[in-house]
Amino acid sequence: MPKVYENVGCPYCGCSCDDVRVTVSDDGKKVLEVENVCAIGTEIFKHGSSEHRHRLPRLRQPDGSMKEISYEEAIEWTAQHLYKAKKPLMYGFGSTNCEGQAAAARVMESAGGCLDNCATICHGPSFLAIFDNGYPTCTLGEVKNRADVIVYWGSNPAHAHPRHMSRYSIFPRGFFTGKGQKKRTVVVIDPRYTDTANVADIHVRVKQGHDYELFDAFRMVMHGHGDDLPDVVADVPKEQILQVAEIMANARFGTVFYGMGLTHSDGRNHNIDIAISLMRDLNKVAKWTIMAMRGHYNIAGPGVVWSWTFGFPYCLDLTKKNYAHMNPGETSSVDMAMRDETDMFINIGTDAGAHFPIPAVQHLKKHPWVTIDPSVCMASEISDLHIPVCICGVDTGGIVYRMDNVPIQFRQVLDPQGLLTDEELLNKIADRVDELNAQGA
Ligand code: SF4
């Protein structure tokens with residue numbers, strides 16, 4: 001009899017939807033049906049039972065081909081290279097569970113290397129702003145139950161977080177929001193008329209790269225200087241700025257969801273810190289919160305796990321062994337790669353081959369490169385060693401942190417068929433590095 005799993009978590013975007021229903025074949029090896037999930041999430045579950053998945057590590061041979069080896073050989077190869085490396089870098093972690101992230105911390109503490117996660121190329125600027133200016137945020141449940149004004153600023157959930165609007169922000173009927181979308185005002189601030197802008201009440205077409213000026217203009221209005229605004233700020237007419245400012249000031253509960261439009265454009269962390277300052281202004285007259293649209297389903301996880309382990313969320317330099325050090329710009333993955341400062345790279349739960357700048361990849365490629373990932377991806381195909389592992393939420397469970405830092409227990413639905421989890425693999429590597437350290441001491 002096929003087995004039906006309820007309340008399954010989707011291991012793709014920061015919505016971390018936990019209402020998925022998955023039907024699995026009676027031998028536990030094939031996903032037959034997936035419900036309550038968007039198109040992206042559906043693909044993840046289907047991919048879980050793909051016949052094309054690798055189930056053994058592959059090591060590059062002198063002729064350039066990849067040859068299957070055992071897990072034991074892969075663990076030995078990785079531990080030996082980590083032991084020899086002076087400044088290895090382990091990077092990724094958006095797509096693994098907190099148990100794997102904790103085991104990775106153990107590996108790099110033993111190896112004396114650097115540990116970084118995808119925030120470094122994503123919401124890292126948000127961390128910098130939060131260090132400077134705080135984080136007046138809330139949970140997605142509070143948005144669902146209370147929010148009557150929603151602002152998506154530089155984010156496009158219709159494409160990047162497909163169920164965000166229906167589960168949390170615009171369409172659901174909550175405790176104090178019984179009329180759902182009808183009683184919510186939705187503002188989208190984006191240079192493009194996106195599919196998210198298409199469902200908004202107001203689209204503010206800001207000039208690309210000029211968000212800071214627009215925040216400044218809103219702050220001027222909140223401080224009583226609206227009359228002094230020029231006729232147009234960042235391509236936005238003064239009348240529209242005053243209109244949106246009035247909606248914000250009259251909100252019962254408002255939330256700004258922001259994304260790469262702010263963290264990847266001119267100003268970066270300063271776009272976020274002025275957004276947080278605007279929240280402070282607004283909270284004098286209304287109730288406002290702000291939330292980063294975190295990308296992967298557990299990219300909030302390493303920030304939490306490593307903060308309680310080392311005191312820092314990302315860009316960790318553990319080479320001093322007894323002291324953790326963090327200084328983005330100095331200890332961030334792309335910066336270190338561009339300066340050719342690392343001598344080994346471990347890509348885990350991400351695809352640096354696809355998403356790092358090509359010059360950074362070219363530098364990293366000069367040294368041993370290991371990819372730990374369930375799938376064939378660009379990183380796995382340029383690696384010296386590819387170690388396949390379980391997909392969190394499909395072949396294994398675990399804790400993940402949603403974009404609002406709410407922890408969720410993900411479930412296993414498929415038989416892992418001999419694959420190790422990230423946690424199991426990394427703990428075996430850490431054990432072996434510890435042995436080598438003890439022998440060398
Ligand atoms: S919105 Fe995100 S977490 Fe939810 S089903 Fe789609 S990809 Fe998965």
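All figures in this text were calculated on a predicted structure; none of them were measured in a lab. Indexing begins at 1, ligand by ligand and atom by atom, following the structure's order.
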Test side chain to side chain donor-acceptor pair (under 3.5 Å) on Asn156 and Thr196 and set out the steps. CA-CA 6 Å; Asn156 183 14; Thr196 305; 2.6 Å; yes

For Arg60 and Glu381: C-alpha separation, side-chain torsions, deciding distance, then whether salt bridge (charged side-chain N to carboxylate O under 4.0 Å, His left out) applies. CA-CA 10 Å; Arg60 192 163 306 279; Glu381 295 317 279; 5.9 Å; no

Atom pair CD1 (Ile40) and SG (Cys10), whose distance is rounded to the nearest 0.5 Å: 8.5 Å

Hey, would you say the Tyr297 and His161 ring centroids sit under 6.0 Å apart? no

Excluding water, the protein N, O or S atoms sitting under 2.8 Å from atom 6 (Fe) of ligand 1 are Cys38 SG

With side chain to side chain donor-acceptor pair (under 3.5 Å) as the test, would you mind laying out the steps for Tyr314 and Ser332 before giving the verdict? CA-CA 8 Å; Tyr314 74 132; Ser332 29; over 6 Å; no

Can you spot which of His54, Arg53, His47 makes a side chain to side chain donor-acceptor pair (under 3.5 Å) with Ser375? His47

Could you tell me whether Pro11 approaches ligand 1 through its side chain, its backbone, both or neither, with non-hydrogen atoms closer than 4.0 Å? neither

